[in-house]
Every structure is written in structure tokens, then in C-alpha cells.
Amino acid sequence: MYETTGTDFNDDYMGNIKLNDVIHYALSQFKGGVVHGITHWKNVERNGLQLSEKTEGVNKRVVCLFAYLHDHMRTWDGYDNSHGPRAAEALIDISSTLLSDLSEEEFEMLYRACKIHTSQTEPTGNPTIDCCIDADRLDLPRVGITPDPERMLTEAGKLLAEEEW
């Protein structure tokens, strides 16, 4: 069974949500290939937790769930513009089971982050959503793209993009 990356991971903020069950579900739905699969999801989790330590008001539970659910409805590794909205809609199907411990506010943040993660160009005003999107963008080097600090939505994301690349 998969174990989380361990980067400051603390079961306390996951509540009754079993992340391994969420990951198993995401893997069972995923048909997107290698580039957007479990290795990428682990990197997004690590990036998101790192960003959450440097960004006030971030919900770590939503960040971790986003990492494993944002790309789970991809149909392939190439251009798939509607995978974010599909991932968001798929959350509704698991909202009363795997995600039943989420508050309405947490579910809405997760839903919105998944839905807009490829298209959002300006900060949303929600540090959790912005952190999720930056966590994904900071893993662009896996496909040969240098993260652009100007495309980051959080100050921490901008700093990491500037420092790392």
C-alpha cells in the first residue's frame, strides 16, 4: 500500500479521511499515463505541504487531497483541457464516502482547485486554492518546463520558483 511522502505529514489534519483510500480510488480511475501519475501526485503533495508552511491560512487537508485528485480523471498525458473540470465533478461521487469528513467549505475549496488548476492565472484570494495550484506548477520540470515565478499565485510559490530555477 502507498504511504504518503512524510514531508511534515500529520494525520491530525486529515481527520477521519483515509488518504490511502483516496489514493487507491484515484489510481483506480486514472488512465492518464506516467507523466501525470502517482510520482507527480507525490511531488504535488510535497510541494503543497512546503508551501503551506510558508503561506498563512492554508488548509493542509485540502492540499493533500488535491495532490491525489487533481489529475485523476485525465484520459492521457497529452493536452487534456477538460481534465480539471472532470476531476472536480468526480468529487461529487465520493463526497459522501471518501470525503465525508470534509466541511462544505473544504469540499468547495477542493472542488474549485481541481476545476481551475490549469487555467487560473491570477490569485483567487483563497490561500488554500492558490497553494494547490502552485504546488502543481512547481512540478513542471518533470516535463521540461521551468516554473515561471510570474505564474505563481502565492508569494511562497514565487520565491520557490525563483530560488529553484
Side-chain angles (χ1 to χ4, degrees), residues 1-9 14 17-52 58-95 97-99 102 106-122 124 128-154 156-158 160-161 164-165:
M1 178 154 291
Y2 169 75
E3 293 182 23
T4 57
T5 59
T7 309
D8 296 324
F9 187 78
M14 290 309 291
I17 293 176
K18 293 178 177 38
L19 191 56
N20 282 332
D21 291 349
V22 172
I23 294 166
H24 179 74
Y25 158 77
L27 287 169
S28 75
Q29 301 299 303
F30 183 65
K31 295 169 182 53
V34 176
V35 174
H36 293 93
I38 190 70
T39 300
H40 168 57
W41 301 347
K42 289 179 195 179
N43 291 340
V44 173
E45 178 189 31
R46 182 199 65 233
N47 293 342
L49 290 174
Q50 185 177 5
L51 289 169
S52 73
V58 173
N59 183 310
K60 290 180 182 181
R61 177 157 65 166
V62 171
V63 168
C64 284
L65 292 169
F66 171 84
Y68 296 99
L69 295 168
H70 75 286
D71 280 346
H72 83 284
M73 295 304 290
R74 276 187 158 276
T75 56
W76 71 310
D77 268 335
Y79 186 74
D80 183 359
N81 192 39
S82 58
H83 78 275
R86 280 196 312 273
E89 287 301 311
L91 298 177
I92 295 168
D93 293 337
I94 60 171
S95 64
T97 55
L98 295 174
L99 304 178
L102 289 182
E106 288 172 315
F107 182 83
E108 288 301 319
M109 285 189 287
L110 179 60
Y111 182 94
R112 186 165 175 222
C114 287
K115 185 173 183 174
I116 66 173
H117 78 272
T118 61
S119 61
Q120 190 65 29
T121 59
E122 298 293 325
T124 64
T128 299
I129 295 170
D130 292 348
C131 181
C132 290
I133 294 168
D134 281 1
D136 185 38
R137 290 178 182 170
L138 285 169
D139 196 39
L140 286 171
R142 78 189 189 289
V143 292
I145 299 172
T146 301
D148 181 355
E150 295 301 315
R151 291 203 31 114
M152 296 296 146
L153 305 181
T154 65
K158 289 177 191 205
L160 281 174
E164 298 291 322
W165 297 277

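Keep in mind that what you see is a predicted model, and the values were worked out from it rather than measured. Along the sequence shown, residues are numbered consecutively beginning with 1.
Atom CG of Asn43 is separated from atom CG of Leu138 by 10.5 Å, given to the nearest 0.5 angstrom. Taking SG from Cys64 and CG from Leu69, the interatomic distance works out to 11.0 Å, rounded to the nearest 0.5 Å. Between the NZ atom in Lys31 and the CE atom in Met73 there is a gap of 7.0 Å [rounded to 0.5 Å]. Distance CG/Leu91 to CG/Leu99: 6.0 Å, rounded to 0.5 Å. Distance check: Leu27 CG to Asn20 CG gives 10.5 Å after rounding to the nearest 0.5 Å. The CG atom of Leu153 sits 10.5 Å away from the CG atom of Leu51 when rounded to the nearest 0.5 Å.
For the pair Thr39 and Val34, the minimum side-chain heavy-atom distance is 4.5 Å or more. Contact check for Thr75 versus His83: no side-chain heavy atoms found under the 4.5 Å cut-off. Put simply, the side chain of Lys18 does not reach to within 4.5 Å of the side chain of Val22, judged on heavy atoms. A heavy-atom distance below 4.5 Å is not found between the side chains of Asp148 and Leu140.
For Arg137, there are no salt bridge (Lys or Arg N to Asp or Glu O under 4.0 Å) partners, not counting sequence neighbours. A search for salt bridge (Lys or Arg N to Asp or Glu O under 4.0 Å) contacts involving Arg142 returns Asp139, not counting sequence neighbours. Annotation: side chain to side chain contact (heavy atoms under 4.5 Å, CB included) contacts of Asp93 (sequence neighbours excluded): none. Residues passing the side chain to side chain contact (heavy atoms under 4.5 Å, CB included) test with Thr124, sequence neighbours excluded: Arg112, Ile116, Gln120, Asn126, Ile129, Asp130. Contacts of Asp71 classified as salt bridge (Lys or Arg N to Asp or Glu O under 4.0 Å), with partners at least two apart in sequence or in another chain: Arg74. Listed by chain and number, the residues in a side chain to side chain donor-acceptor pair (under 3.5 Å) with Thr118 amount to none (sequence neighbours excluded).
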Step-by-step side chain to side chain contact (heavy atoms under 4.5 Å, CB included) determination, Arg61 to Leu102:
CA-CA 9 Å; Arg61 177 157 65 166; Leu102 289 182; 3.8 Å; yes

Show your working on side chain to side chain contact (heavy atoms under 4.5 Å, CB included) between Val58 and Val63 and close with a plain yes or no.
CA-CA 8 Å; Val58 173; Val63 168; 3.5 Å; yes

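Across every non-hydrogen atom of Tyr25 and Ser28, the tightest pair is O-OG, 2.6 Å. Counting all heavy atoms, side chain and backbone alike, Tyr111 lies closest to Ile92 at CE1-CD1, 4.2 Å. Across all non-hydrogen atoms, the minimal contact from Tyr68 to Glu45 is OH-OE1, 2.5 Å. Across all non-hydrogen atoms, the minimal contact from Ser52 to Cys131 is N-SG, 3.8 Å. Of all heavy-atom pairs spanning Pro85 and Ser82, the tightest one is CD-O, 3.3 Å.
Defined by atom type and a distance below 3.5 Å, a donor-acceptor pair is present between the side-chain atoms of Thr154 and Asp134. Counting only N and O atoms by type, the side chains of His40 and His70 include a donor and acceptor under 3.5 Å apart.
In this structure, His117 has its ring center under 6.0 Å from that of Phe66.
Between the side chain of His24 and the backbone N or O of Asp21, no donor-acceptor pair lies under 3.5 Å. Remark: the backbone N or O of Asn59 is paired with a side-chain donor or acceptor of Thr128 at under 3.5 angstrom.
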